[in-house]
Amino acid sequence: MMHGYLAFNEKNELLVPFRTWRNTITGQAAEELTELFNYNIPQRWSIAHLYQAILNEEPHVKDIDFVATLAAYVHWQLTGQKVIGVGDASGMFPVDMNTKDYDERMIGLFEEKIASKGVSLKIREIFPASLNAGADAGKLTEAGAKLLDPAGNLQAGIPLCPPEGDAGTGMVATNSVGVRTGNVSAGTSVFGMVVLEKDLSKVYPEIDLVTTPAGDLVAMAHCNTCTSDLNAWVNIFDEFCAAMGFEADKGRLFSVLYNKAMEGEKDCGGLLDYNYLSGEAVTKMEEGRPLFVRTAESRFNLANFMRVHLYASLSVLKYGMDLLLKGEGVKIDKMYGHGGLFKTKGVGQSILAAALDCPVTVMSTAGEGGAWGVALLAAYDVRSGGLALDEWLDKEVFHTGDASADAGETIAPDPADVAGFDKYMERYIEGLKIERAAVDHLK
(Lines give C-alpha, C1' and ligand atoms only; values in the text may rest on other atoms or scores of the structure.)
Protein backbone atom coordinates (compact mmCIF):
# COMPACT_ATOMS: atom_id res chain seq x y z
CA MET A 1 0.00 0.00 0.00
CA MET A 2 1.65 3.21 -1.13
CA HIS A 3 1.46 6.62 0.55
CA GLY A 4 -0.53 7.21 3.73
CA TYR A 5 0.31 8.55 7.18
CA LEU A 6 1.75 6.70 10.16
CA ALA A 7 2.97 9.12 12.85
CA PHE A 8 5.08 8.05 15.86
CA ASN A 9 6.48 9.80 18.93
CA GLU A 10 10.02 9.44 20.29
CA LYS A 11 8.94 6.32 22.21
CA ASN A 12 7.94 4.74 18.85
CA GLU A 13 4.27 4.84 19.85
CA LEU A 14 1.61 5.32 17.15
CA LEU A 15 0.02 8.72 17.71
CA VAL A 16 -3.14 8.43 15.58
CA PRO A 17 -4.74 5.56 13.62
CA PHE A 18 -3.19 4.83 10.21
CA ARG A 19 -4.60 7.19 7.58
CA THR A 20 -4.71 5.53 4.16
CA TRP A 21 -5.35 6.50 0.54
CA ARG A 22 -9.10 6.25 1.21
CA ASN A 23 -9.08 8.81 4.02
CA THR A 24 -10.01 11.71 1.74
CA ILE A 25 -9.90 14.24 4.58
CA THR A 26 -7.08 16.48 3.41
CA GLY A 27 -8.75 18.61 0.76
CA GLN A 28 -7.76 21.95 2.27
CA ALA A 29 -4.16 20.86 2.83
CA ALA A 30 -3.77 19.41 -0.65
CA GLU A 31 -5.14 22.56 -2.26
CA GLU A 32 -2.95 24.93 -0.24
CA LEU A 33 0.22 22.89 -0.79
CA THR A 34 -0.45 22.55 -4.53
CA GLU A 35 -0.65 26.34 -4.74
CA LEU A 36 2.41 26.82 -2.51
CA PHE A 37 4.61 24.42 -4.49
CA ASN A 38 3.01 24.89 -7.95
CA TYR A 39 3.07 21.10 -7.95
CA ASN A 40 0.10 18.78 -7.54
CA ILE A 41 -0.17 17.39 -4.02
CA PRO A 42 -2.83 14.63 -3.85
CA GLN A 43 -4.94 14.17 -0.76
CA ARG A 44 -3.44 10.79 0.11
CA TRP A 45 0.20 11.95 0.21
CA SER A 46 1.89 11.93 3.62
CA ILE A 47 2.69 15.63 3.44
CA ALA A 48 -1.00 16.44 2.85
CA HIS A 49 -2.00 14.41 5.91
CA LEU A 50 0.69 16.07 8.00
CA TYR A 51 -0.26 19.58 6.91
CA GLN A 52 -3.98 18.88 7.41
CA ALA A 53 -3.22 17.75 10.97
CA ILE A 54 -1.38 21.05 11.48
CA LEU A 55 -4.31 23.03 10.03
CA ASN A 56 -6.68 21.11 12.30
CA GLU A 57 -4.42 21.89 15.29
CA GLU A 58 -4.40 18.20 16.17
CA PRO A 59 -2.65 17.67 19.53
CA HIS A 60 -0.47 14.81 18.25
CA VAL A 61 1.52 17.11 15.96
CA LYS A 62 3.72 18.43 18.77
CA ASP A 63 4.80 14.86 19.60
CA ILE A 64 5.76 13.73 16.08
CA ASP A 65 9.19 12.13 15.86
CA PHE A 66 8.79 9.97 12.73
CA VAL A 67 6.29 9.80 9.86
CA ALA A 68 6.18 6.74 7.59
CA THR A 69 4.23 4.96 4.91
CA LEU A 70 3.27 1.35 5.57
CA ALA A 71 6.26 0.06 3.54
CA ALA A 72 8.69 2.30 5.43
CA TYR A 73 7.14 1.26 8.76
CA VAL A 74 7.46 -2.48 8.06
CA HIS A 75 11.05 -1.97 6.88
CA TRP A 76 11.84 -0.03 10.07
CA GLN A 77 10.49 -2.85 12.20
CA LEU A 78 12.53 -5.45 10.32
CA THR A 79 15.84 -3.57 10.03
CA GLY A 80 15.78 -0.67 12.46
CA GLN A 81 16.46 1.63 9.46
CA LYS A 82 14.24 4.66 8.82
CA VAL A 83 14.53 4.61 5.02
CA ILE A 84 12.21 4.39 2.03
CA GLY A 85 12.47 3.67 -1.70
CA VAL A 86 12.37 6.82 -3.82
CA GLY A 87 9.16 5.68 -5.56
CA ASP A 88 7.26 5.55 -2.27
CA ALA A 89 9.12 8.64 -1.03
CA SER A 90 7.69 10.56 -3.99
CA GLY A 91 4.25 9.89 -2.50
CA MET A 92 5.32 11.35 0.82
CA PHE A 93 6.86 14.57 -0.51
CA PRO A 94 7.77 15.84 -4.02
CA VAL A 95 11.08 14.54 -5.35
CA ASP A 96 13.62 16.62 -7.31
CA MET A 97 14.34 14.83 -10.60
CA ASN A 98 17.94 16.08 -10.57
CA THR A 99 18.87 14.84 -7.10
CA LYS A 100 16.30 12.00 -6.94
CA ASP A 101 15.65 13.09 -3.36
CA TYR A 102 13.10 15.26 -1.55
CA ASP A 103 12.89 18.67 -3.22
CA GLU A 104 14.91 21.14 -1.13
CA ARG A 105 13.10 24.22 -2.45
CA MET A 106 9.73 22.80 -1.48
CA ILE A 107 11.05 21.65 1.91
CA GLY A 108 12.04 25.25 2.58
CA LEU A 109 8.64 26.56 1.51
CA PHE A 110 6.83 24.02 3.68
CA GLU A 111 8.91 24.58 6.79
CA GLU A 112 8.54 28.35 6.44
CA LYS A 113 4.76 27.90 6.03
CA ILE A 114 4.32 25.80 9.16
CA ALA A 115 6.71 28.00 11.16
CA SER A 116 4.22 30.83 10.66
CA LYS A 117 1.71 28.59 12.44
CA GLY A 118 4.05 27.94 15.36
CA VAL A 119 5.18 24.45 14.21
CA SER A 120 8.90 23.69 13.88
CA LEU A 121 8.98 20.19 12.35
CA LYS A 122 11.86 19.44 9.95
CA ILE A 123 11.03 17.15 7.01
CA ARG A 124 14.44 15.50 6.84
CA GLU A 125 14.30 14.72 10.57
CA ILE A 126 10.84 13.18 10.63
CA PHE A 127 10.56 11.57 7.16
CA PRO A 128 12.52 8.43 6.20
CA ALA A 129 15.63 8.90 4.07
CA SER A 130 14.97 8.34 0.35
CA LEU A 131 16.99 5.59 -1.40
CA ASN A 132 17.19 4.49 -5.04
CA ALA A 133 16.78 0.87 -6.09
CA GLY A 134 19.95 -1.09 -5.41
CA ALA A 135 21.01 1.03 -2.42
CA ASP A 136 21.99 -0.54 0.91
CA ALA A 137 18.81 -0.40 3.00
CA GLY A 138 20.00 -2.44 5.97
CA LYS A 139 19.75 -6.04 7.09
CA LEU A 140 17.20 -8.12 8.96
CA THR A 141 17.83 -7.73 12.68
CA GLU A 142 17.33 -10.34 15.40
CA ALA A 143 14.22 -8.46 16.51
CA GLY A 144 12.94 -8.28 12.94
CA ALA A 145 13.53 -11.99 12.41
CA LYS A 146 11.45 -12.79 15.50
CA LEU A 147 8.60 -10.65 14.19
CA LEU A 148 8.51 -12.77 11.03
CA ASP A 149 9.26 -16.10 12.70
CA PRO A 150 8.64 -16.30 16.46
CA ALA A 151 9.88 -19.92 16.38
CA GLY A 152 13.38 -18.59 15.78
CA ASN A 153 14.28 -20.53 12.63
CA LEU A 154 14.72 -17.43 10.45
CA GLN A 155 18.24 -16.02 10.72
CA ALA A 156 19.14 -12.35 11.04
CA GLY A 157 21.50 -10.68 8.57
CA ILE A 158 19.48 -11.00 5.35
CA PRO A 159 19.88 -7.83 3.23
CA LEU A 160 16.69 -5.90 2.48
CA CYS A 161 16.08 -3.63 -0.51
CA PRO A 162 14.68 -0.11 -0.13
CA PRO A 163 10.96 -0.52 0.67
CA GLU A 164 8.44 0.40 -2.01
CA GLY A 165 4.65 0.59 -2.11
CA ASP A 166 2.48 -1.08 -4.72
CA ALA A 167 3.12 1.64 -7.32
CA GLY A 168 6.86 1.02 -7.46
CA THR A 169 6.58 -2.75 -7.16
CA GLY A 170 3.92 -2.78 -9.88
CA MET A 171 6.23 -0.97 -12.28
CA VAL A 172 8.97 -3.51 -11.63
CA ALA A 173 6.61 -6.49 -11.83
CA THR A 174 5.62 -5.44 -15.35
CA ASN A 175 9.03 -4.23 -16.55
CA SER A 176 7.59 -0.72 -16.81
CA VAL A 177 10.44 1.38 -15.44
CA GLY A 178 11.81 2.62 -18.78
CA VAL A 179 10.75 5.76 -20.62
CA ARG A 180 7.48 5.41 -22.63
CA THR A 181 6.45 2.30 -20.72
CA GLY A 182 3.29 2.18 -18.66
CA ASN A 183 1.30 -0.11 -16.42
CA VAL A 184 -2.09 -0.31 -14.83
CA SER A 185 -2.44 -1.90 -11.41
CA ALA A 186 -6.05 -2.96 -10.92
CA GLY A 187 -7.13 -4.46 -7.63
CA THR A 188 -8.68 -2.84 -4.55
CA SER A 189 -7.66 0.51 -6.03
CA VAL A 190 -6.52 1.21 -9.57
CA PHE A 191 -3.83 3.43 -10.98
CA GLY A 192 -2.22 3.96 -14.34
CA MET A 193 1.40 5.02 -14.64
CA VAL A 194 3.52 6.21 -17.56
CA VAL A 195 7.28 6.91 -17.39
CA LEU A 196 7.61 10.34 -18.99
CA GLU A 197 10.06 11.65 -21.54
CA LYS A 198 9.63 15.21 -20.21
CA ASP A 199 7.63 17.25 -17.69
CA LEU A 200 3.94 17.89 -18.30
CA SER A 201 3.02 21.29 -19.70
CA LYS A 202 1.09 22.33 -16.60
CA VAL A 203 -0.11 21.20 -13.18
CA TYR A 204 -3.04 18.77 -13.31
CA PRO A 205 -4.94 18.23 -10.04
CA GLU A 206 -6.02 14.85 -11.46
CA ILE A 207 -2.46 13.67 -12.21
CA ASP A 208 0.24 12.80 -9.66
CA LEU A 209 3.93 13.09 -10.45
CA VAL A 210 5.88 10.31 -8.74
CA THR A 211 8.96 8.28 -9.64
CA THR A 212 10.10 4.80 -10.54
CA PRO A 213 12.17 2.94 -7.92
CA ALA A 214 15.18 4.27 -9.87
CA GLY A 215 13.98 7.87 -9.50
CA ASP A 216 12.68 8.62 -13.02
CA LEU A 217 9.61 10.83 -13.49
CA VAL A 218 6.23 9.09 -13.71
CA ALA A 219 2.74 10.46 -14.32
CA MET A 220 0.07 8.63 -12.37
CA ALA A 221 -3.71 8.65 -12.50
CA HIS A 222 -4.83 7.16 -9.18
CA CYS A 223 -8.34 6.07 -8.25
CA ASN A 224 -9.42 4.95 -4.81
CA THR A 225 -11.76 2.13 -5.80
CA CYS A 226 -11.47 -0.51 -8.50
CA THR A 227 -12.77 -4.03 -7.84
CA SER A 228 -14.20 -3.68 -4.32
CA ASP A 229 -17.75 -2.86 -5.43
CA LEU A 230 -17.54 -5.39 -8.27
CA ASN A 231 -16.49 -8.04 -5.75
CA ALA A 232 -19.45 -7.12 -3.56
CA TRP A 233 -21.83 -7.85 -6.44
CA VAL A 234 -20.13 -11.18 -7.11
CA ASN A 235 -20.62 -12.00 -3.43
CA ILE A 236 -24.35 -11.39 -3.88
CA PHE A 237 -24.40 -14.08 -6.58
CA ASP A 238 -22.44 -16.33 -4.23
CA GLU A 239 -25.10 -15.82 -1.56
CA PHE A 240 -27.80 -16.58 -4.12
CA CYS A 241 -26.09 -19.87 -4.99
CA ALA A 242 -25.95 -20.81 -1.32
CA ALA A 243 -29.62 -19.90 -0.88
CA MET A 244 -30.44 -22.21 -3.79
CA GLY A 245 -28.73 -25.04 -1.97
CA PHE A 246 -25.41 -25.42 -3.77
CA GLU A 247 -21.96 -24.08 -3.13
CA ALA A 248 -20.29 -22.34 -6.07
CA ASP A 249 -16.53 -22.36 -6.52
CA LYS A 250 -15.57 -18.70 -6.05
CA GLY A 251 -12.96 -18.73 -8.81
CA ARG A 252 -15.41 -20.24 -11.30
CA LEU A 253 -18.10 -17.76 -10.22
CA PHE A 254 -15.79 -14.86 -11.07
CA SER A 255 -14.83 -16.49 -14.37
CA VAL A 256 -18.43 -17.13 -15.44
CA LEU A 257 -19.64 -13.64 -14.52
CA TYR A 258 -16.63 -11.87 -16.05
CA ASN A 259 -16.95 -13.80 -19.30
CA LYS A 260 -20.71 -13.11 -19.34
CA ALA A 261 -19.80 -9.41 -19.39
CA MET A 262 -18.12 -9.93 -22.75
CA GLU A 263 -21.55 -10.75 -24.21
CA GLY A 264 -22.91 -7.36 -23.12
CA GLU A 265 -23.57 -4.37 -25.33
CA LYS A 266 -20.58 -2.16 -25.99
CA ASP A 267 -22.11 0.79 -24.12
CA CYS A 268 -23.65 -1.45 -21.42
CA GLY A 269 -27.17 -1.01 -22.77
CA GLY A 270 -27.83 2.30 -21.05
CA LEU A 271 -26.83 1.12 -17.57
CA LEU A 272 -24.70 3.34 -15.34
CA ASP A 273 -22.58 2.53 -12.29
CA TYR A 274 -20.44 4.39 -9.77
CA ASN A 275 -18.26 2.14 -7.62
CA TYR A 276 -17.33 4.90 -5.17
CA LEU A 277 -16.82 3.22 -1.81
CA SER A 278 -14.83 6.32 -0.91
CA GLY A 279 -14.24 9.73 -2.39
CA GLU A 280 -12.51 10.15 -5.74
CA ALA A 281 -10.27 13.21 -6.12
CA VAL A 282 -10.10 12.85 -9.90
CA THR A 283 -13.85 13.42 -10.23
CA LYS A 284 -13.91 15.81 -7.25
CA MET A 285 -15.97 13.66 -4.88
CA GLU A 286 -14.84 14.00 -1.28
CA GLU A 287 -16.96 11.02 -0.20
CA GLY A 288 -18.30 7.96 -1.97
CA ARG A 289 -21.78 6.53 -2.50
CA PRO A 290 -21.85 3.31 -4.58
CA LEU A 291 -24.66 3.68 -7.12
CA PHE A 292 -26.16 1.46 -9.79
CA VAL A 293 -28.49 3.47 -12.06
CA ARG A 294 -30.76 2.62 -14.98
CA THR A 295 -33.73 4.06 -16.80
CA ALA A 296 -36.90 2.21 -17.74
CA GLU A 297 -35.51 1.93 -21.27
CA SER A 298 -32.10 0.49 -20.29
CA ARG A 299 -31.42 -3.10 -21.39
CA PHE A 300 -31.16 -4.67 -17.97
CA ASN A 301 -29.73 -8.17 -18.30
CA LEU A 302 -26.89 -10.10 -16.70
CA ALA A 303 -24.36 -9.46 -19.47
CA ASN A 304 -24.89 -5.69 -19.43
CA PHE A 305 -25.01 -5.69 -15.62
CA MET A 306 -21.60 -7.35 -15.32
CA ARG A 307 -20.10 -5.28 -18.13
CA VAL A 308 -21.15 -2.00 -16.52
CA HIS A 309 -19.43 -3.00 -13.27
CA LEU A 310 -16.23 -3.78 -15.15
CA TYR A 311 -16.48 -0.41 -16.90
CA ALA A 312 -17.08 1.31 -13.57
CA SER A 313 -13.89 -0.26 -12.18
CA LEU A 314 -11.87 1.61 -14.82
CA SER A 315 -13.95 4.72 -15.51
CA VAL A 316 -12.17 7.12 -13.15
CA LEU A 317 -8.85 5.79 -14.43
CA LYS A 318 -9.92 6.51 -18.02
CA TYR A 319 -11.02 10.00 -16.98
CA GLY A 320 -7.51 10.73 -15.68
CA MET A 321 -5.50 8.87 -18.31
CA ASP A 322 -7.31 10.71 -21.11
CA LEU A 323 -5.71 13.92 -19.80
CA LEU A 324 -2.29 12.37 -20.42
CA LEU A 325 -2.89 10.45 -23.62
CA LYS A 326 -5.22 12.88 -25.36
CA GLY A 327 -4.51 16.17 -23.60
CA GLU A 328 -0.71 15.99 -23.26
CA GLY A 329 -0.03 13.64 -26.15
CA VAL A 330 2.00 11.31 -23.92
CA LYS A 331 3.33 8.36 -25.93
CA ILE A 332 3.35 4.77 -24.68
CA ASP A 333 5.35 2.02 -26.36
CA LYS A 334 4.25 -0.69 -23.91
CA MET A 335 1.27 -0.82 -21.54
CA TYR A 336 1.04 -3.67 -19.07
CA GLY A 337 -1.79 -4.76 -16.81
CA HIS A 338 -1.39 -6.49 -13.45
CA GLY A 339 -3.42 -7.17 -10.35
CA GLY A 340 -6.56 -9.10 -9.50
CA LEU A 341 -8.72 -7.66 -12.30
CA PHE A 342 -6.64 -9.61 -14.83
CA LYS A 343 -6.89 -13.06 -13.25
CA THR A 344 -9.80 -14.03 -15.54
CA LYS A 345 -7.99 -14.39 -18.83
CA GLY A 346 -8.71 -11.76 -21.47
CA VAL A 347 -11.65 -10.01 -19.80
CA GLY A 348 -10.16 -7.18 -17.73
CA GLN A 349 -7.42 -6.90 -20.33
CA SER A 350 -9.92 -6.29 -23.16
CA ILE A 351 -11.86 -3.74 -21.12
CA LEU A 352 -8.65 -1.87 -20.25
CA ALA A 353 -7.52 -1.88 -23.91
CA ALA A 354 -10.88 -0.31 -24.82
CA ALA A 355 -10.63 2.27 -22.01
CA LEU A 356 -7.15 3.44 -23.02
CA ASP A 357 -7.47 2.73 -26.76
CA CYS A 358 -4.07 1.04 -26.81
CA PRO A 359 -2.76 -2.55 -26.77
CA VAL A 360 -2.43 -4.04 -23.29
CA THR A 361 -0.05 -6.84 -22.38
CA VAL A 362 -0.59 -9.18 -19.44
CA MET A 363 2.15 -11.53 -18.30
CA SER A 364 1.69 -14.84 -16.51
CA THR A 365 2.78 -13.12 -13.28
CA ALA A 366 0.13 -10.38 -13.59
CA GLY A 367 -2.03 -11.66 -10.76
CA GLU A 368 0.92 -11.58 -8.35
CA GLY A 369 1.20 -7.80 -8.40
CA GLY A 370 3.47 -6.16 -5.86
CA ALA A 371 4.74 -9.34 -4.22
CA TRP A 372 6.51 -10.31 -7.44
CA GLY A 373 7.76 -6.77 -7.98
CA VAL A 374 9.37 -6.38 -4.57
CA ALA A 375 10.96 -9.83 -4.91
CA LEU A 376 12.61 -8.55 -8.11
CA LEU A 377 13.77 -5.39 -6.33
CA ALA A 378 15.30 -7.56 -3.62
CA ALA A 379 17.06 -9.64 -6.28
CA TYR A 380 18.32 -6.47 -7.99
CA ASP A 381 19.74 -5.31 -4.67
CA VAL A 382 22.18 -8.23 -4.59
CA ARG A 383 22.51 -9.22 -8.26
CA SER A 384 22.47 -5.97 -10.26
CA GLY A 385 26.03 -6.36 -11.53
CA GLY A 386 26.21 -2.59 -11.92
CA LEU A 387 23.36 -2.47 -14.45
CA ALA A 388 20.64 0.20 -14.27
CA LEU A 389 17.31 -1.17 -13.10
CA ASP A 390 15.64 -1.06 -16.53
CA GLU A 391 18.66 -2.75 -18.16
CA TRP A 392 18.78 -5.45 -15.49
CA LEU A 393 15.08 -6.21 -15.84
CA ASP A 394 15.41 -6.44 -19.63
CA LYS A 395 18.52 -8.61 -19.67
CA GLU A 396 18.21 -10.75 -16.55
CA VAL A 397 14.48 -11.18 -15.87
CA PHE A 398 12.17 -10.62 -18.81
CA HIS A 399 14.38 -11.81 -21.67
CA THR A 400 14.31 -15.49 -20.87
CA GLY A 401 14.79 -16.85 -24.37
CA ASP A 402 11.18 -18.05 -24.35
CA ALA A 403 9.30 -15.66 -26.63
CA SER A 404 5.92 -16.21 -24.97
CA ALA A 405 7.32 -15.66 -21.48
CA ASP A 406 9.21 -12.59 -22.67
CA ALA A 407 6.32 -10.85 -24.42
CA GLY A 408 3.29 -11.93 -22.41
CA GLU A 409 -0.09 -11.92 -24.12
CA THR A 410 -1.21 -8.74 -25.84
CA ILE A 411 -4.75 -7.70 -26.72
CA ALA A 412 -5.29 -4.81 -29.13
CA PRO A 413 -8.34 -2.58 -28.60
CA ASP A 414 -11.46 -3.52 -30.53
CA PRO A 415 -12.67 -0.30 -32.26
CA ALA A 416 -16.27 -1.19 -31.38
CA ASP A 417 -15.30 -1.60 -27.71
CA VAL A 418 -13.46 1.74 -27.76
CA ALA A 419 -16.48 3.51 -29.25
CA GLY A 420 -18.78 1.81 -26.76
CA PHE A 421 -16.65 2.79 -23.77
CA ASP A 422 -16.45 6.38 -25.04
CA LYS A 423 -20.24 6.48 -25.40
CA TYR A 424 -20.59 5.07 -21.90
CA MET A 425 -18.18 7.73 -20.57
CA GLU A 426 -20.34 10.53 -21.97
CA ARG A 427 -23.23 9.16 -19.91
CA TYR A 428 -20.91 8.57 -16.93
CA ILE A 429 -19.57 12.14 -16.89
CA GLU A 430 -23.05 13.63 -17.20
CA GLY A 431 -24.24 11.29 -14.46
CA LEU A 432 -21.64 12.55 -12.01
CA LYS A 433 -24.36 14.99 -10.99
CA ILE A 434 -26.27 11.98 -9.63
CA GLU A 435 -23.25 10.90 -7.58
CA ARG A 436 -22.82 14.47 -6.37
CA ALA A 437 -26.45 14.55 -5.20
CA ALA A 438 -25.99 11.21 -3.43
CA VAL A 439 -22.91 12.51 -1.58
CA ASP A 440 -24.77 15.67 -0.58
CA HIS A 441 -28.07 14.12 0.44
CA LEU A 442 -27.57 10.41 1.25
CA LYS A 443 -26.02 10.40 4.71
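Below, all heavy atoms of this structure are taken into account, side chains as well, without hydrogens, waters or symmetry copies.
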Q | Intermediate values then yes/no, side chain to side chain contact (heavy atoms under 4.5 Å, CB included), Leu78 and Leu160 | A | CA-CA 9 Å; Leu78 296 180; Leu160 272 73; 4.1 Å; yes
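- Going from atom CG of Leu291 over to atom OH of Tyr276 covers 9.5 Å, rounded to the nearest 0.5 Å.
- Residue Lys250 places its NZ atom among more than 12 non-hydrogen atoms of other residues, nucleotides or ligands, all under 6.0 Å distant.
- Taking 4.5 Å as the limit, some side-chain heavy atom of Asp208 sits within range of a side-chain heavy atom of Asn40.
- Phe254 and Asn231 get closest at one heavy-atom pair: CE2-OD1, 3.4 Å.
- Crowding of Lys202 atom NZ: a count of heavy atoms from other residues, nucleotides or ligands under 6.0 Å not exceeding 12.
- Remark: Asp229 CG to Asn275 CG distance equals 5.5 Å, nearest 0.5 Å.
- The nearest pair of heavy atoms linking Ala71 to Glu164 is CB-O, 3.7 Å.
- At least one side-chain heavy atom of Ile47 sits under 4.5 Å from a side-chain heavy atom of Phe127.
- For the pair Leu209/Pro94, no side-chain contact is recorded, criterion being any heavy-atom separation below 4.5 Å from C-beta on.
- Taking the six-membered ring where tryptophan is involved, the planes of His3 and Trp45 are tilted, since the angle between them lies from 30° to 60°.
- In this structure, the side chain of Ser46 engages the main chain of Gly4 through a donor-acceptor pair within 3.5 Å.
- Panel note: side chain Asp267, backbone Gly269; a donor-acceptor pair is recorded below 3.5 Å.
- Judged by the 6.0 Å distance and 45° axis criteria, Lys266 is not positioned over the aromatic ring of Phe421.
- Between the side chains of Tyr204 and Glu328, a donor-acceptor pair is found at a separation under 3.5 Å.
- In this structure, the side chains of Lys318 and Asp422 come closer than 4.5 Å at one or more pairs of heavy atoms.
- With hydrogens and angles ignored, the 3.5 Å screen pairs a side-chain donor or acceptor of Thr24 with a backbone N or O of Glu286.
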Q: Evaluate the side chain to side chain contact (heavy atoms under 4.5 Å, CB included) criterion for residues His49 and Asn23: first the C-alpha distance (whole Å), next the side-chain angles of each, then the deciding distance (0.1 Å), finally the verdict.
A: CA-CA 9 Å; His49 281 287; Asn23 293 115; 4.1 Å; yes
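- For the atom pair Arg436 CZ and Arg289 CZ, the distance stands at 9.5 Å (nearest 0.5 Å).
- Pairing each heavy atom of Gly215 with each of Val86, the nearest pair is N-CG1, 3.6 Å.
- For the pair Ile207 and Ala219, the tightest heavy-atom approach, listed with the atom from each and the gap, is CG2-CB, 4.0 Å.
- A donor-acceptor pair under 3.5 Å is formed between the side chain of Ser298 and the backbone N or O of Gly270.
- Aromatic ring pairs are classed by plane angle as parallel below 30°, tilted from 30° to 60° and perpendicular above 60°; the pair Tyr424 and Tyr428 is tilted.
- Between Phe93 and Phe110, the ring planes lie perpendicular to each other; the angle is over 60°, past the 30° to 60° tilted range.
- The shortest heavy-atom contact between Val67 and Pro128 is O-CD, 3.1 Å.
- Panel note: side chain Ser176, backbone Gly182; a donor-acceptor pair is recorded below 3.5 Å.
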Q) So Phe398 and Leu376, side chain to side chain contact (heavy atoms under 4.5 Å, CB included) or not? Walk me through it. A) CA-CA 11 Å; Phe398 291 97; Leu376 291 177; 4.2 Å; yes
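- Contact check for Met220 versus Val194: no side-chain heavy atoms found under the 4.5 Å cut-off.
- By the 6.0 Å contact criterion, CD on Glu13 is enclosed, its count of non-hydrogen atoms from other residues, nucleotides or ligands being greater than 12.
- Side chain of Glu280 to backbone of Asn224: a donor-acceptor contact under 3.5 angstrom is found.
- In terms of heavy-atom proximity, Phe305 sits nearest to Val308 at O-CG1, 3.1 Å.
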**Q.** Glu197 and Lys331: CA distance, side-chain angles, deciding distance, salt bridge (charged side-chain N to carboxylate O under 4.0 Å, His left out) verdict
**A.** CA-CA 9 Å; Glu197 297 177 275; Lys331 304 300 183 186; over 6 Å; no
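- Within 6.0 Å of the CD atom in Glu10, the count of heavy atoms belonging to other residues, nucleotides or ligands does not exceed 12.
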Q.
Please evaluate residues Thr26 and Tyr51 with respect to the criterion side chain to side chain donor-acceptor pair (under 3.5 Å), reporting the C-alpha separation (whole Å), side-chain torsions for both, the decisive distance (0.1 Å), and the verdict.
A. CA-CA 8 Å; Thr26 64; Tyr51 187 51; over 6 Å; no
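- Using a 4.5 Å heavy-atom cutoff, the side chains of Tyr311 and Asp273 are not in contact.
- Counting only N and O atoms by type, the side chains of Tyr319 and Glu206 include no donor and acceptor under 3.5 Å apart.
- Within the 4.5 Å cutoff, side-chain heavy atoms of Gln28 are placed close to those of Gln52.
- Atom NZ of Lys260 sits about 10.0 Å away from atom CG of Leu257, to the nearest 0.5 Å.
- Listed for the Gln43 side chain is a donor-acceptor partner under 3.5 Å among the backbone atoms of Gly27.
- Without hydrogens or angle criteria, Asn304 side chain to Glu265 main chain gives a donor-acceptor distance under 3.5 Å.
- Separation of atoms CE (Met306) and CG (Leu302) is listed at 7.0 Å; rounding is to 0.5 Å.
- Ile41 CD1 to Glu35 CD: the interatomic distance, rounded to the nearest 0.5 Å, is 12.5 Å.
- The number of heavy atoms from other shown groups lying within 6.0 Å of CZ (Phe246) is above 12.
- Remark: side-chain polar atoms of Ser313 are paired, donor with acceptor, to backbone N or O of Cys226 under 3.5 angstrom.
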**Q.** Step-by-step salt bridge (charged side-chain N to carboxylate O under 4.0 Å, His left out) determination, Glu409 to Lys345
**A.** CA-CA 10 Å; Glu409 293 191 24; Lys345 186 175 180 179; 3.5 Å; yes
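- Between Leu314 and Leu341, the closest side-chain pair of non-hydrogen atoms falls below 4.5 Å.
- In Tyr73, the OH atom is not crowded: 12 or fewer heavy atoms of neighbouring residues, nucleotides or ligands sit closer than 6.0 Å.
- The one candidate from Thr361, Thr174, Thr169, Asn183 that meets the side chain to side chain donor-acceptor pair (under 3.5 Å) condition with His338 is Asn183.
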**Q.** Steps toward salt bridge (charged side-chain N to carboxylate O under 4.0 Å, His left out) verdict (Asp440, Lys433)
**A.** CA-CA 10 Å; Asp440 291 342; Lys433 298 169 186 175; over 6 Å; no
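- Between Trp233 and Phe292, the angle of the ring planes goes over 60°, which puts this pair in the perpendicular group of the 30/60° scheme.
- Other residues, nucleotides and ligands contribute at most 12 non-hydrogen atoms within 6.0 Å of the CG atom of Asn38.
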(Q) Before you tell me yes or no, could you show the steps for Asp216 and Lys100 under salt bridge (charged side-chain N to carboxylate O under 4.0 Å, His left out), namely the whole-Å CA-CA distance, both residues' side-chain angles and the distance that decides it to 0.1 Å? (A) CA-CA 8 Å; Asp216 296 313; Lys100 301 187 187 303; 3.4 Å; yes
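- Side-chain atoms of Glu239 and Asn235 include no donor-acceptor pair closer than 3.5 Å.
- The main-chain N or O of Tyr102 is found under 3.5 Å from a side-chain atom of Arg124 such that the two form a donor-acceptor pair.
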